[in-house]
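Read the structure below first, then the notes.
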Amino acid sequence: MFKLVSSFSPTGDQPQAIEKLAEGITRGKKNQVLLGVTGSGKTFSMANVIKKLNLPALIISHNKTLAGQLYQEMRDFFPENAVSYFVSYYDFYQPEAYIPSTDTYIEKEAEINELIDKLRLQSTTNLMTRSDTVVVASVSCIYNIGSPVEYGKFIQEISLGDKADWEKISKRLVQLLYDRSEFEFKRGTFRIRGNYIDIYPAYEDFGYRVYEKSGKIGEIIKFEPLSGKEIRGKKSLPAGRRDEIRNIIIYPAKHYLTDPAVFQKAESKIRSDLKKESELLKAQNKLAEAERLIRRVNYDLEMIKEVGYVNGIENYSRYFDGREIGDPPYTLIDYFREAYGNKFIVFIDESHMTVPQLRGMFNGDYSRKKTLIDFGFRLKAAFDNRPLKFDEFYRPIPYFIYVSATPDAWEKDMAGEVVEQLVRPTGIVDPTIILRPAKNEVTDLIAEIEKRVKNREKVLITTLTKKIAEDLTEYLKEKKIRASYLHSDVATLERSNILDNLRKNEFDVLIGVNLLREGLDLPEVSLVAILDADREGFLRSKTALVQTMGRAARNIKGEVIIYADILTDSIKAAASEIERRRNYQLKYNKEHHITPRTILKPIREKIIEQDLPISDVTRAGEAFDKSFLSEIKSESLTPFDKNKLVKRLEREMRHQADDLNFELAIKIRDKVRELKN
């Protein structure tokens, strides 16, 4: 059961939009469009549709920054439900490729963000175990992640009263791709200590400690991996008592797994295809390519046989999944279908951008794979490790709701009828548009920024390239203006932090290229400046301009300055649309006697706390919990964990001393000495 928590109720256009969308799904309507202006509460309407129908949901966004914001909002709306975040887990990704013209092979190179990997695994685990799941995802949700049926088979169940056979449990955990580590206890590892075993699930922030008593599982507790402190359940329980955990289920540490029995069957098929494809290459007089293919596949098979995994195992997924040539891969969509059948909703957020992105994924992937296969770097099975084609994605989804301030013709045609949400409950009208010449635009802009800074208001600036964004940021800093930039080279989780820092008044001006267009919820922004607006193209089209202007529509002082020497058709069309929406809101305000007011929103909790995994050690804005010191169990810490904890405590000790809390600083110092000794 979905329980929506909010301090406000649907108002303005929201009630009719929620009712129409819910009624459409009840009638079995596959495609619907929600056209909602910036600031009209589209996310709140989405949450209300989920609650009203009590249906799990997948929300797809075209960029990670917006996905992160949506995840934070949905997590706030549904604190008691399973809200998950599923985006690409690469901080850096260079796909495997071959350039024939220069005979250059580029090996796959990736930096996996373990925190995002944890959230991805948490998403699939929630789908397999709960009926109240909302997943906010990027378009990476249409990429292959392995079969949900196989993933569901790979579990380790531990219950009170079971035989405490550490060897058997260890072997099973290794099959689930957990590492045994006595020195560094991190996600996806386990360790054995005398009469208990510690397991750190790859998708959780806590570990399980399983105790043996008289040869059987006698007790199971949760604990904080870094400190060893036990995590108690209900706060209402008396001191010394805890919620009793009778049973736990450990899910795999990775999405790709290979059952030994399945591997044996797959191996013979892989070797058969290897023989056929290498002989075909030889027949084409591609002897080097044939030898390369034989070496590569034999190495991969040996690695999979020995350790159950190899870098690039996904290229063999068709064999392990039992799929035929050309069959679509298993994706997050299949986990929804496995868990809920056809009882779930897919929201396509900012559909005018997300739908074309979903359409384009397959072709780029196919082109790169074809070259690798033609030159003997991969078997043809690599073609089937791919994103879904658009029709493969579209066909099995029971219900779509396309959400955008500027929906495209395709979504409108598929839906037939558009549900409009043009009223902002706050009464804020669309921003005033000011047109100025591009000559001396930076000098003029600095004067405008200084006006806003005096009033503690914030400014967004959009440029055409990353280089211009970075250079302009440095130039403004030289002029003593606090500025920062945001573009696709910034790490995924850091993007949300930058947006939060703008709201926290750590700087005044945010400069970007394309990430500042859609959906960003920044009520402190009173000015949006669009540089080089007359350069017709994707970033300065009517849709892009309308979306960018919308960033100033959460503040009653909202203004947009367009710097251009030529009044392009896109500028005219965008300005006309903003004026139409402005008049609609003004009419509504007059009829309902509404006085516009700036949106006031709290700064949301971060997507994930990266720096301070111990819940009781000081977080931003919280006092240090003294009782934490007495609950640290030194004997349960590895040397590696102990060193990490000492460093954190030393940092806290200095912080308390700086704040003149000398008594607490001394207690922390004594605990540090105890740990060091």
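When reading the values below, keep in mind they use all heavy atoms of this one structure, side chains included, and skip hydrogens, waters and symmetry mates.
Using modelled atom types, one finds no donor on one side chain facing an acceptor on the other under 3.5 Å when comparing Thr124 with Tyr203. Side-chain atoms of Gln72 and Arg75 include no donor-acceptor pair closer than 3.5 Å. Between the side chains of Asp321 and Tyr330, no donor-acceptor pair is found at a separation under 3.5 Å. Between Asn126 and Ser84, the side chains place a donor N or O and an acceptor N or O closer than 3.5 Å (distance only, hydrogens not considered).
In this structure, CG in Asn144 is found 9.0 Å from CZ in Arg386, a value given to the nearest 0.5 Å. Annotation: the span from Thr43 atom OG1 to Ile59 atom CD1 amounts to 7.5 Å, rounded to 0.5 Å. Atoms CD1 and CG, on Ile142 and Leu358 in that order, are 5.0 Å from each other to the nearest 0.5 Å.
Using a distance-only test at 3.5 Å, with no hydrogens or angles considered, no donor-acceptor pair links the side chain of Thr189 to the main chain of Phe185. In this structure, the side chain of Arg368 engages the main chain of Glu96 through a donor-acceptor pair within 3.5 Å. Distance alone, capped at 3.5 Å, places no donor-acceptor pair between the Arg378 side chain and the Ala382 backbone. Using modelled atom types, no side-chain atom of Asp76 and backbone atom of Glu73 make a donor-acceptor pair closer than 3.5 Å. Put simply, the side chain of Thr26 gets close to the backbone of Ala22: a donor and an acceptor are under 3.5 Å apart. For the pair Arg120 (side chain) and Val87 (backbone), a donor-acceptor distance under 3.5 Å is present. Within the 3.5 Å criterion, the main-chain N or O of Tyr316 finds no donor-acceptor partner in the side chain of Asn385. With hydrogens and angles disregarded, a donor-acceptor distance shorter than 3.5 Å links the side chain of Ser123 to the backbone of Leu119.
Within 6.0 Å of atom CZ in Arg337, 12 or fewer heavy atoms from other residues, nucleotides or ligands are found, so the atom counts as exposed in its surroundings.
In this structure, the side chains of Met46 and Met74 come closer than 4.5 Å at one or more pairs of heavy atoms. Within the 4.5 Å cutoff, the side chain of Ile25 has heavy atoms near those of the Ile345 side chain.
Here Ser170 pairs with Phe190, Ile192, Ile197 under the side-chain contact (heavy atoms from CB on, under 4.5 Å) rule; sequence neighbours left out. Under the side-chain contact (heavy atoms from CB on, under 4.5 Å) criterion, Glu212 pairs with Ala164, Trp166, Asn195, sequence neighbours left out. Partners of Glu267 under the salt bridge (charged side-chain N to carboxylate O under 4.0 Å, His left out) rule, at least two apart in sequence or in another chain, are Arg271, Lys305. Residues satisfying the side-chain contact (heavy atoms from CB on, under 4.5 Å) test with Lys30, not counting sequence neighbours, are Tyr394, Phe400. Listed by chain and number, the residues in a side-chain contact (heavy atoms from CB on, under 4.5 Å) with Ser159 are Glu157, Asp162, Asn247 (sequence neighbours excluded).
Judged by a 6.0 Å distance limit and a 45° cone about the ring axis, Lys269 is not positioned over the six-membered ring of Tyr319.
Using a 4.0 Å cut-off between charged side-chain N and carboxylate O, Arg172 and Asp165 make no salt bridge.
Evaluation of the salt bridge (Lys or Arg N to Asp or Glu O under 4.0 Å) test over residues 123-147, restricted to residues two or more places apart or in two chains, returns Arg130-Asp132.
Test Thr331, Leu332, Asp334, Leu127 against Pro148 for side-chain contact (heavy atoms from CB on, under 4.5 Å) and you get one pass: Asp334.
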Go through it in stages, so that I can follow the logic: the residues are Phe362 and Phe390, the test is ring pair (Phe, Tyr, Trp, His ring centres under 6.0 Å), and I'd like the CA-CA distance, side-chain angles, deciding distance and then a yes or no. CA-CA 8 Å; Phe362 172 79; Phe390 187 75; over 10 Å; no
Apply side chain to side chain contact (heavy atoms under 4.5 Å, CB included) to Lys64 and Ser88, showing your working. CA-CA 8 Å; Lys64 295 178 182 179; Ser88 169; 3.8 Å; yes
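Nearest heavy-atom pair across Asp205 and Tyr200 is O-OH, 3.9 Å.
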